[in-house]
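Proteins get letters first, then strands, A, B, ... in listed order; numbering begins at 1 in each. Just so we're clear, the structure is a prediction, and the values are computed from it rather than from any experiment.
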Amino acid sequence: MIVLLAVLWQIGSVTMPYLLPPLSAIGETLVGNPGYYLTNAWVTLQEALLGLVFAFIASSILAIAISEVAVLRRAIMPIAVVLNVTPLVAIAPALVVAFGFGPEPKLIVTAIICFFPILINVSVGLRSVPTSVVQFYTTVAASRAEMLWHVRVPNALPYLFAALKIVLPLSIVGAVVAEMFAPGAAEGLGTAISLASSNNKLSVIYASIFILAVMGATLLAIVTAVERRVLHWHDSHSASDD
Amino acid sequence: MIVLLAVLWQIGSVTMPYLLPPLSAIGETLVGNPGYYLTNAWVTLQEALLGLVFAFIASSILAIAISEVAVLRRAIMPIAVVLNVTPLVAIAPALVVAFGFGPEPKLIVTAIICFFPILINVSVGLRSVPTSVVQFYTTVAASRAEMLWHVRVPNALPYLFAALKIVLPLSIVGAVVAEMFAPGAAEGLGTAISLASSNNKLSVIYASIFILAVMGATLLAIVTAVERRVLHWHDSHSASDD
Amino acid sequence: MDSSPAIRIAAARKIYGSGATTLTALDGVDLDIRPGTFVSIIGPSGCGKSTLLRLIASLEEPDDGDVEIFGVSPQAACAAKLVGFVPQSPALLPWLNVLQNVSLPHKINRGAEKRRPTAAAAVSNRPATDLTKLLHDVGLGEALHKLPSELSGGMQQRTAIVRALGLQPEVLLMDEPFSALDEFTREALQEQLLDLWDEIKTTVVFVTHSVTEAVRLSDTVVVMAPKPGRIVDVIDIDLPRPRSAEMIKTGDFHHYEDLIRDRLQAAWRSPELPTAA
Amino acid sequence: MDSSPAIRIAAARKIYGSGATTLTALDGVDLDIRPGTFVSIIGPSGCGKSTLLRLIASLEEPDDGDVEIFGVSPQAACAAKLVGFVPQSPALLPWLNVLQNVSLPHKINRGAEKRRPTAAAAVSNRPATDLTKLLHDVGLGEALHKLPSELSGGMQQRTAIVRALGLQPEVLLMDEPFSALDEFTREALQEQLLDLWDEIKTTVVFVTHSVTEAVRLSDTVVVMAPKPGRIVDVIDIDLPRPRSAEMIKTGDFHHYEDLIRDRLQAAWRSPELPTAA
Amino acid sequence: ACSTDEADSAAPGSTAGSAISAERCAENEAAGTVTYLTGYQYQASASILEVIAAKELGYFDALCIDLDIQPGTGDTGQNTQLLASEQVQFTAVSQQNIIQAQDSGIDILGISSYSNVGLEVLITGPEITDLTQLEGTILGQKGELPPTVGAMLDNAGVDVGSIQQVVVGYDPSVLTRGQVTSLTGFISNEPNLLEAMGEDVTVWRPYDEDVPSSLGALAVNPGFASEHPTVVEDFLRASFHAFEYCEENGEECVGYASALSGEGYDAEHNLKIWETEAGIVRESQTGDLGAIDTANVEAIAAMLDEYSLLETPVSADDALAYFEPAFVTAVYADGTLVWPAP
Ligand SMILES: Nc1ncnc2c1ncn2[C@@H]1O[C@H](COP(=O)(O)OP(=O)(O)OP(=O)(O)O)[C@@H](O)[C@H]1O
Ligand SMILES: Nc1ncnc2c1ncn2[C@@H]1O[C@H](COP(=O)(O)OP(=O)(O)OP(=O)(O)O)[C@@H](O)[C@H]1O
Ligand SMILES: Cc1ncc(C[n+]2csc(CCO)c2C)c(N)n1
Ligand SMILES: [Mg+2]
Ligand SMILES: [Mg+2]
């Protein structure tokens, strides 16, 4: 599979040299300057994860709020949709005006990108508890908080993990896009990509994307491993071929 | 809630006129030139939905493939992750180079953005069938296709609808971002936003975002309504407060 | 003991669905249950037994009529943790092991005692239950740390029983709790249930399909019939306690069994029930 | 009828878990079941009855030993749609109504007949079942278009029974199919089951906790004991058929009941089962 | 016949093929639809506005060129790629972009340039009177420091390393709000915006510090150029013709761009952009309008080398090979644009 892709790429790089750099060129820049990529990757990773943490906290709280209180659903969902459909690249510059050149604008962009999938998945998960279970805990008058914590939240975990799988790679894209468009960035792979693209350094662009992909795949592998441990009780993990 | 936001906005627009235009200015441009916004919205909506349809088909097929065949999971997931972590704004230009000024690059960008959430959610949903149900249909030797069609796919619907709620607004962002970064776009709200931002017309930018938000919220309301009809049997819809 | 009823159901009606598909699950149900009595409910499948239990357990609102527990609403009774409920399907949490599943209700609604209505206050303040011992007693001693998916059907059911018994509730609502148990396990659990009932003087409402079990355990047997779901008979069982294995073979016992079977059969003859070939 | 067994289980062993938490659910189980016989399995809760049934139904692989149906593997038998399975929990699809739930298995694996092994071929080619009629017969005539969530526990169980019967399988595996049914519904369904069995000469493996039911229905009663799960007795019931309601009261019948209860009690005395107080 | 679908928008006096011999018309038509990609949307910059105007005025029709205009995003690297891949035949870039593209293996050919004054400038408040005052302050830029601005600072003896660089957006008020001390910008854009806000600023042009650069260069796909040299010539002819027209009729030309762009076009500001850039072009003009100054190309190549902005250093001859001044030369006779075409 990977070999096949590599061959296709090489053919592409010969027929469209203005579009795809040869793999050797990508390899050279990676090997020639590993420090550059590692430093930038580390910056981007930090932004991505920090933004994700904020998004996770905010969207989990809101997911709980909207699945508990119908009024809040009607108030919050439209705002969430607005955040979700706002093209961030259009407002990233405005964010710097509001928040300065520090990491805040980047974290905000990353958090906004990651926010919605968690919100939706978790709120569906919170409401997907089997009726018989809810009924039993109603007879012991579990408070809303207790029902949430002991019943709904664990029940939402499969949905949460699905959301995390979606959102971990997204957080990286968010950080990169923020670096490209939120003013103030001087480091990170996003910055590297925009510098390279204004200088037509195709090999640097694709080397950066390669690093991003490796980061994304690693993060995904980590969630998947954690999920396997945490959700061993869930039907999705009982299949023997899993 | 909305009133509160409007008041906050107005305060913001007075203290930071370079950041937020007064609401009245937004209203004026919307009312003054509704045809402009409607035409562009229609273009963007078409791109968004068409891209979404492609993403839906591709990711559903792949979700089925990876949840059925473990080998494919190992082959396809890395590629999916690469697509998901590639900053599309960085490759949108390359797509135009490869595919020209037609709608293709925009559809591809939109489809890539929508692809991953559907893939992940649906593949989790396909595997979350209660063991006892799978076992019964194993005793009548349901083929994989039959198990899929009659058992796994309906069982994945709650997850699919969650994915659709995430992805419908995303498809709009995808189309907008594509319009902003794929040269050659002469229409659409993304184009409107980048033109306006090159001319510092804040009111047009925010009017366009407002239209985008309305589109996103409408699409979300439609899926939610469809979900309510289709998933009436699911626990998430049995609560009386729903 | 108080003379006011532990459970009072008056003219209760419950309707499911709407329009053309309306189904009257319960209609004109009147029932008073004195504190400390053991009442069994018996009736054809689908006649509304579970619905009635859910009504008492605050899980359904009657469309008409009233339900009270110790003079307060079912909600208030549940809030005071007066109610122990064994649902027809075990409803265990798949991510908790057996011990965790039966312990969780204790961690929930801790301030419940304060909300107990006076009529039920007398019977509060018992020593906390030893759940591990209770689980051992029902034969789950080696399954304490198993997940529900690793249990047999009967083991799941026993877990659900312990979960309710552990609460030492004033009102114990059990929906076919022993249906998945073999005769001997069932008998052992019947003993344990009666012991507990004797000890904490709880009020039990017990849905069963076994006439023998109903007669053996109950002070009163309520016979229900379907279409609409209603009470057709309330039979007091005037047999001395403890009721030993020998008593089951006595004429008195058989008399009650036959009486109840008779009423049950009449109820069962109502339209649209399985046709014996 | 062929003299080779319909179901052959040889030295079957099934182990759950690994390491410290290993549990031998079945050990050294040998059982041959002749075609057309009605075999009941009875034993304490958790002794491995459902596991044994799942082994026959191709839902578990034995860790040791062999299972065959009509000389082929359980998988092959299922592929030929020889097997009808009534699981302990109904396992209905929540998005399909009763009629759709029982119809779905017919839409599945349509080419099955071609795969039938010769030993079972003789009994193929029966007229298709009228599922609506079957549902009416079990008392679900008015529930055809209800979703599982709108059914009572017993109604769900009857749906699962019809789903299996409708397949007219050569081998019918039923795991406590009548546990949630009242005595009269149960009796009616017993009649229907026996009629069907008589008519299509199917082989039935029937897990039950009711000794009376086992004696009434079976040619052979298999008694199991736990720790490890094993067969402790195989008792042939030499009573004439049809076995009427009167026969249940005869000494011969009681003899069998007492015999089985005796064996069962011995099995039940195995360590770590509920302690009668 | 030449494309007729824009016939109704043609300005008076220009009808299809009216400014060209039939033979040359046929040659031009053989190229089919020719696509031009703007540098940045429909901005009224030199190299964009006159092409839009030429089309609307019917000049391309008159020369039998079927021209399609696509708006660029401002990413010049992308423009060069699209040109090399022949998705477009003409595009607006700078001479420096052309040399850098060639360095990355992207084969394109420079055919014209309006001025040696570069587009990119540094803007400061009036209190800055010497660039060395910027040492230790914050400089706002749009992704990276333009090499010409860097060279300017360097030439002025500034320790560039001591300046903290931050990326900012396109709103120049970061400067006047004091968030940055200096700001990179485009010669006709931010200064005009700031002036419109009533702000007083100083504009530092690299050109004035002897840093070579360019404004309004056009590039062509080399394969296309060798196949259809008359189209290249006549494309330039129509553009230059329109440039002259728009110098006189700026408002009308900006109106064409505004109509193409739709709501959100700041016609007033764009007119200023046009007037500023056209003024610079004329003020710094060294030869015929649009003619390539080979000395400037050599100087740019040397500058790029000096600041190590190329993978492989280029010699002056290498750099000159990336440009073909003959197309411009061909459209002038004795210093006047030949119109109509031969
Ligand atoms: N998936 C599993 N993982 C681990 N242990 C299991 C699993 N399924 C069953 N067991 C164990 O195997 C033993 C036998 O279970 P089985 O379900 O066969 O019992 P059973 O005889 O059907 O009981 P019951 O009458 O209660 O249904 C039990 O001790 C149970 O805990
Ligand atoms: N949620 C529901 N929606 C619609 N109808 C329902 C619902 N729950 C129960 N019913 C109907 O109400 C009637 C009574 O159901 P109920 O569960 O109370 O019966 P039951 O006496 O407990 O039967 P069983 O002995 O089979 O458990 C049935 O006809 C059932 O179809
Ligand atoms: C006068 C003038 N102003 C701006 C640009 C172009 N510019 C190049 S990139 C970019 C941002 C696009 O994302 C802008 C504004 C120009 N060519 N001429
Ligand atoms: Mg019930
Ligand atoms: Mg079992």
Side-chain angles (χ1 to χ4, degrees), chain A residues 1-2 5 16 18-19 70 75 77-79 81-82 84-91 93-94 97-98 116-117 120-121 124 127-131 134 158-159 161-162 165-166 169-170 172-173 176-177 180-181 190 193-194 197 205 209 212-213 215-217 220 234-239 241-242, chain B residues 1-2 5 16 18-19 70 75 77-79 81-82 84-91 93-94 97-98 116-117 120-121 124 127-131 134 158-159 161-162 165-166 169-170 172-173 176-177 180-181 190 193-194 197 205 209 212-213 215-217 220 234-239 241-242:
Chain A
M1 193 68 199
I2 295 198
L5 283 179
M16 302 179 288
Y18 44 84
L19 200 59
M77 279 310 280
I79 299 175
V81 174
V82 172
N84 199 30
V85 297
T86 302
L88 290 173
V89 292
I91 61 152
V97 178
F116 204 69
I120 292 291
N121 259 24
V124 171
R127 283 186 291 134
S128 299
V129 181
T131 314
V134 174
Y159 285 85
F161 272 102
K165 287 187 204 168
I166 293 168
L170 267 189
I172 296 179
V173 182
V176 167
V177 168
M180 293 172 83
F181 297 95
I193 290 176
S194 44
S197 81
I205 298 180
I209 292 180
L212 290 175
M215 283 163 59
L220 191 66
H234 189 245
D235 283 319
S236 64
H237 287 268
S238 57
D241 70 340
D242 203 39
Chain B
M1 192 70 198
I2 294 196
L5 283 180
M16 301 179 288
Y18 44 86
L19 200 58
M77 278 310 280
I79 299 174
V81 173
V82 171
N84 198 32
V85 297
T86 302
L88 290 174
V89 292
I91 62 152
V97 176
F116 204 68
I120 292 290
N121 259 24
V124 171
R127 283 186 292 135
S128 299
V129 182
T131 314
V134 173
Y159 285 84
F161 273 101
K165 288 188 205 167
I166 293 168
L170 267 189
I172 294 179
V173 182
V176 167
V177 167
M180 293 175 79
F181 295 93
I193 290 175
S194 48
S197 80
I205 298 181
I209 291 180
L212 290 174
M215 284 164 58
L220 192 65
H234 190 245
D235 284 319
S236 63
H237 288 269
S238 57
D241 69 339
D242 202 36

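Heavy-atom pairs under 4.5 Å with chain A peak, among B/A213, B/G216, B/S128, at B/S128. If you tally non-hydrogen atom pairs under 4.5 Å between each of B/V176, B/L212, B/I172 and chain A, the highest count goes to B/L212. The greatest number of non-hydrogen atom pairs below 4.5 Å with chain B, out of A/V124, A/I205, A/L170, A/N84, is found for A/N84. Residue with the most contacts toward chain A among B/V177, B/V134, B/I193, B/V81: B/V81 (heavy-atom pairs, distance under 4.5 Å).
Smallest separation of non-hydrogen atoms from A/N121 and B/A162: OD1-CB, 3.4 Å. Shown here for B/K165 and A/F116, the closest heavy-atom pair between the two residues is O-CE2, 3.2 Å. The shortest heavy-atom contact between B/P117 and A/I166 is CA-CD1, 3.5 Å.
Applying the side chain to side chain contact (heavy atoms under 4.5 Å, CB included) test to B/T86 and every residue at least two apart in sequence or in another chain returns A/I209, B/V82, B/I91.
Contact annotation for A/L220: only side-chain heavy atoms (C-beta onward) come within less than 4.5 Å of a heavy atom of chain B. Within the 4.5 angstrom heavy-atom criterion, only side-chain atoms of A/M77, from C-beta onward, approach chain B.
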